[in-house]
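Working notes, structure below.
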Amino acid sequence: MATDVPELPTLSHDIRTSVCIVGAGIAGMTTAYLLARAGRAVVVIDDGAIGGGETGRTTAHITAALDDMYQKIEKLHGEDGARMAAESHSAAIDRIESIASLEDIDCDFERVDGYLFLAPGNERKLLERELEAAHRAGLSDIEIVDRAPLDSFDTGPALCFPRQAQFHSVKYLNGLARAIIRDGGQLFTGAHAKSIQDGEPAKVTTTAGHVITADNVVVATHSPVNDWVILHTKQAAYRTYVIAARIPRGAVQHGLYWDTLDPYHYVRLQEVDPLLDPGRTEELLIVGGEDHKTGQADDAAERFRRLEEWTRQRFPMISNIDFRWSGQIMEPVDYMAFIGKNPGADKHIFIATGDSGNGITHGTIAGMLLTDLIVGRKNPWSKLYDPSRVTLRATREFLKENLNVAGQYTDWATAGNVDSCDQIAPGTGAVIRRGMTKVAVYRDDQGNIHERSAVCTHLYCIVDWNATERTWDCPCHGSRFDAYGGVVNGPAITPLSEVKPEVPASR
Ligand SMILES: Cc1cc2nc3c(=O)[nH]c(=O)nc-3n(C[C@H](O)[C@H](O)[C@H](O)COP(=O)(O)OP(=O)(O)OC[C@H]3O[C@@H](n4cnc5c(N)ncnc54)[C@H](O)[C@@H]3O)c2cc1C
Ligand code: FES
């Protein structure tokens with residue numbers, strides 16, 4: 001089985017191709033892989049590494065048990081919509097399995113059962129309603145069991161979703177990369193798209209000034225960096241937290257486990273890297289949860305503490321917490337991802353976004369659906385995932401999220417987090433008010449001060465310091481910038497501006 005990471009060249013020239021894909025996460029790489037298999041010339045660019053975005057941070061539960069539950073999906077999209085959702089996510093699991101097998105990708109792919117159990121205070125009725133909705137959606141093998149197969153605590157009744165899956169996401173993407181190159185595709189990392197224009201041909205221009213012209217462009221940047229407003233009123237960015245701890249091998253049965261809390265906890269097991277555990281005596285227990293809207297909380301330490309407490313109560317066999325990390329999720333207001341032609345007049349720009357906590361299957365669906373749309377095949381799921389759709393029944397959620405965004409603009413009028421740079425400790429950042437504007441100030445580990453405008457370059461909200469990731473996060477639509485102002489996550493496509501020198505007051 002192949003495991004090596006392909007070596008990639010630097011983009012140093014202009015290119016003409018059939019399809020240019022911006023973003024080398026699960027959505028972009030699956031699309032590139034399937035298009036290359038279909039005989040299209042593809043070029044993939046990413047400003048980081050392959051899988052360096054959220055796909056590299058995922059906990060990779062590969063499942064048709066959707067975050068927002070079939071009972072809610074059915075209310076918004078009808079029985080047909082719920083059936084398409086179940087069918088497409090189930091097909092995505094199968095497709096990942098078949099690609100991993102066909103391409104001989106050593107990515108720890110494993111079929112496991114998934115269990116949804118009740119959070120304290122929730123009633124069995126919730127599971128019963130979900131069971132009925134899932135059956136109506138065509139998932140006929142789902143059943144209620146007395147408890148999930150966990151010895152360390154009694155979950156009480158649980159919904160069992162048989163034959164779901166898990167894998168190591170970055171190993172999988174590296175396998176796709178090797179196959180894309182074999183099929184004639186080109187991949188470039190460290191190439192930031194600074195503009196994406198529709199046309200015949202469509203055009204992607206990088207920060208270094210290279211231009212890729214293509215019949216079609218796929219923007220697979222998690223949050224689309226080409227669309228300025230429409231899509232960003234239909235989804236919201238959330239931050240989620242994960243811890244991982246070593247446990248004795250076999251102490252917990254392999255499976256996917258979720259509770260019904262909002263935000264919910266998610267649990268699974270993963271092989272320990274053989275370099276760290278040559279005797280293969282241990283496994284990693286990975287637990288996530290504690291989500292909040294991006295840029296609207298800076299209490300990561302407390303969230304990690306609560307996650308650890310929840311885990312220790314249920315899995316007392318853990319000792320040290322070996323890893324802690326967080327990542328970003330895009331939550332669509334009507335629960336389904338946006339995959340298809342970019343809304344508006346664009347003819348040759350396609351997007352994949354809004355994939356909630358089911359981004360591995362949504363990203364794979366994006367690969368299948370976008371390939372069909374680009375090569376001109378009909379796809380039965382296109383209406384459900386159409387980015388231009390208006391789901392009137394989701395109006396309440398739409399208004400709630402957009403009122404929340406509107407509220408963030410009051411940050412322009414408030415004081416800074418601190419009054420002066422002296423109050424900022426090494427390795428941390430804070431927003432300071434300076435006259436009419438606000439400045440994002442980062443003090444590096446050596447004590448040097450780095451200043452950028454605190455005004456997000458998307459739609460001008462004020463960014464907030466994220467101490468865990470050392471990034472500036474925007475509370476409005478989830479743009480994120482590194483400590484020095486470079487873009488980490490869209491929709492922003494340009495860095496935080498330099499701070500203009502203050503105009504001295506006239507005497
Ligand atoms: C902690 C965590 C746990 C999760 N758990 C699960 C789970 O268990 N199951 C599940 O199904 N989903 C899960 N998800 C969600 C899932 O991981 C994501 O939705 C999915 O990986 C997103 O894939 P993507 O390809 O759309 O985006 P990404 O993987 O983020 O890829 C986008 C790429 O675009 C690049 N990019 C952005 N802007 C530009 C630009 N201007 N120029 C060039 N490149 C650019 C980025 O560098 C990045 O590599 C989880 C997410 C997180 C954060
Ligand atoms: S992400 Fe939209 S204003 Fe910052």
Side-chain angles (χ1 to χ4, degrees), residues 21-31 44-63 65-67 89 92-93 164-167 169-170 173 188-196 204 206-207 219-226 228-229 232-233 237-242 256 258 266-268 286 288-289 291 294-295 325-331 337 339 351-364 366-367 405 408-409 455-463 472-481 487-494:
I21 293 153
V22 184
I26 185 81
M29 292 295 282
T30 311
T31 309
V44 183
I45 64 165
D46 196 296
D47 55 13
I50 291 176
E54 302 313 315
T55 306
R57 303 180 155 255
T58 190
T59 51
H61 294 223
I62 308 176
T63 182
L66 302 184
D67 279 16
H89 284 270
I93 305 173
Q164 311 299 293
Q166 59 179 49
F167 71 176
S169 58
V170 177
L173 293 195
F188 300 95
T189 48
H192 179 75
K194 76 163 190 204
S195 89
I196 297 166
V204 176
T206 68
T207 312
V219 183
T221 51
H222 196 226
S223 181
V225 293
N226 57 313
W228 223 227
V229 180
H232 305 292
T233 61
Y238 282 76
R239 183 135 288 270
T240 185
Y241 294 81
V242 184
L256 310 179
W258 320 280
Y266 45 101
V267 180
R268 78 162 174 98
I286 302 176
D291 309 10
T294 297
W325 71 94
S326 70
Q328 185 139 304
I329 304 271
M330 300 308 301
E331 289 290 354
I339 304 167
I351 57 165
T353 188
D355 42 16
S356 62
N358 298 109
I360 298 302
T361 38
H362 265 141
T364 306
V405 169
Q408 303 311 313
Y409 285 95
V455 180
C456 173
T457 54
H458 176 227
L459 291 176
Y460 319 121
C461 286
I462 300 293
V463 296
W472 298 106
D473 294 0
C474 181
C476 283
H477 314 100
S479 290
R480 296 177 56 238
F481 305 85
V487 183
V488 175
N489 278 104
I493 199 165
T494 50

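Quantities reported herein were computed from a predicted structural model and do not represent experimental measurements. Whatever order the structure lists ligands and atoms in, that order sets their numbers, starting from 1. Because only heavy atoms are used, hydrogens play no part in the values below, and waters and symmetry mates are left out as well, while side chains stay in. FYI, the numbering just counts along the sequence from 1.
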Is the backbone of [Y] close enough, under 3.5 Å, to the side chain of [X] for a donor and an acceptor to pair up by distance?
X: Asp67; Y: Gly357; answer: yes
X: Arg57; Y: Trp325; answer: no
X: Thr206; Y: His192; answer: no
X: Thr361; Y: His89; answer: no
X: Thr30; Y: Gly367; answer: no
X: Thr55; Y: Gly51; answer: no

Check if [X] has a non-hydrogen atom at a distance under 4.0 Å from any atom of ligand 1.
X: Ser356; answer: yes
X: Ala60; answer: yes
X: Ala191; answer: yes
X: Gly490; answer: no

Can you find an N or O of [X] that's nearer than 3.5 Å to an N or O of ligand 1?
X: Ala49; result: no
X: Gln328; result: no
X: Tyr266; result: no
X: Ala27; result: yes
X: Asp355; result: yes
X: Thr221; result: no
X: Gly357; result: yes
X: Gly52; result: no
X: Ile26; result: yes

Taking only heavy atoms of [X] into account, list the atoms of ligand 1 that are under 4.0 Å away from them.
X: Ile329; result: 50 (C), 51 (C), 52 (C)
X: Ala220; result: 32 (C), 33 (C), 34 (O)
X: Gly23; result: 33 (C), 34 (O), 35 (C)
X: Arg57; result: 1 (C), 2 (C)
X: Gly327; result: 53 (C)

State whether cysteine residues Cys476 and Cys456 meet the disulfide criterion of an SG-SG distance below 2.5 Å.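 Taking the criterion (SG atoms under 2.5 Å apart), Cys456 and Cys476 fail it, so no.
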How close do [X] and [Y] get, counting heavy atoms only, and between which atoms?
X: Ala352; Y: Ala27; answer: CB-CB, 4.2 Å
X: Thr63; Y: Leu66; answer: O-CD2, 4.1 Å
X: Arg239; Y: Thr294; answer: N-OG1, 3.7 Å
X: Ile493; Y: Val225; answer: CD1-O, 3.7 Å
X: His362; Y: Asp355; answer: ND1-O, 3.0 Å
X: Tyr266; Y: Gly289; answer: CE2-N, 3.4 Å

Please classify the [X] to ligand 1 contact at 4.0 Å (heavy-atom distances, strictly less than): side chain, backbone, both or neither.
X: Val242; value: side chain
X: Ser326; value: neither
X: Thr240; value: side chain
X: Val487; value: neither
X: Ile360; value: both
X: Met330; value: neither

Taking [atom] as the point of reference, which of [options] owns the nearest heavy atom?
atom: atom 39 (C) of ligand 1; options: Asp47, Ile45, Ile50; value: Asp47
atom: atom 23 (O) of ligand 1; options: Asp291, Thr55, Val44; value: Thr55
atom: atom 27 (O) of ligand 1; options: His222, Arg239, His362; value: His222

Just to confirm my output: which protein heavy-atom neighbour is closest to atom 50 (C) of ligand 1, and how far is it?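 Answer, as residue, atom name and distance: Thr58 OG1, 3.4 Å.
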Among the N, O or S atoms that His477 has, which is closest to atom 2 (Fe) of ligand 2?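 Closest N, O or S atom of His477 to atom 2 (Fe) of ligand 2: ND1.
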His458 atom (N/O/S) at minimal separation from atom 2 (Fe) of ligand 2: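 Looking at His458, the N, O or S atom with the least distance to atom 2 (Fe) of ligand 2 is ND1.
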State the atoms of ligand 2, each with its element, that fall below the 4.0 Å cut-off from a heavy-atom position in Tyr460.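 It comes down to these atoms of ligand 2: 3 (S).
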What atoms of ligand 2 come within less than 4.0 Å of a heavy atom belonging to Ser479?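 The list of qualifying atoms is 1 (S).
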Before giving the answer on side-chain contact (heavy atoms from CB on, under 4.5 Å), spell out for Gln164 and His61 the whole-Å C-alpha distance, their side-chain angles and the decisive distance to 0.1 Å. CA-CA 8 Å; Gln164 311 299 293; His61 294 223; over 6 Å; no
State, to the nearest 10 degrees, the angle whose vertex is atom 4 (Fe) of ligand 2 and whose arms point to SG of Cys474 and SG of Cys456.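 The two atoms form an angle at the metal of about 110°.
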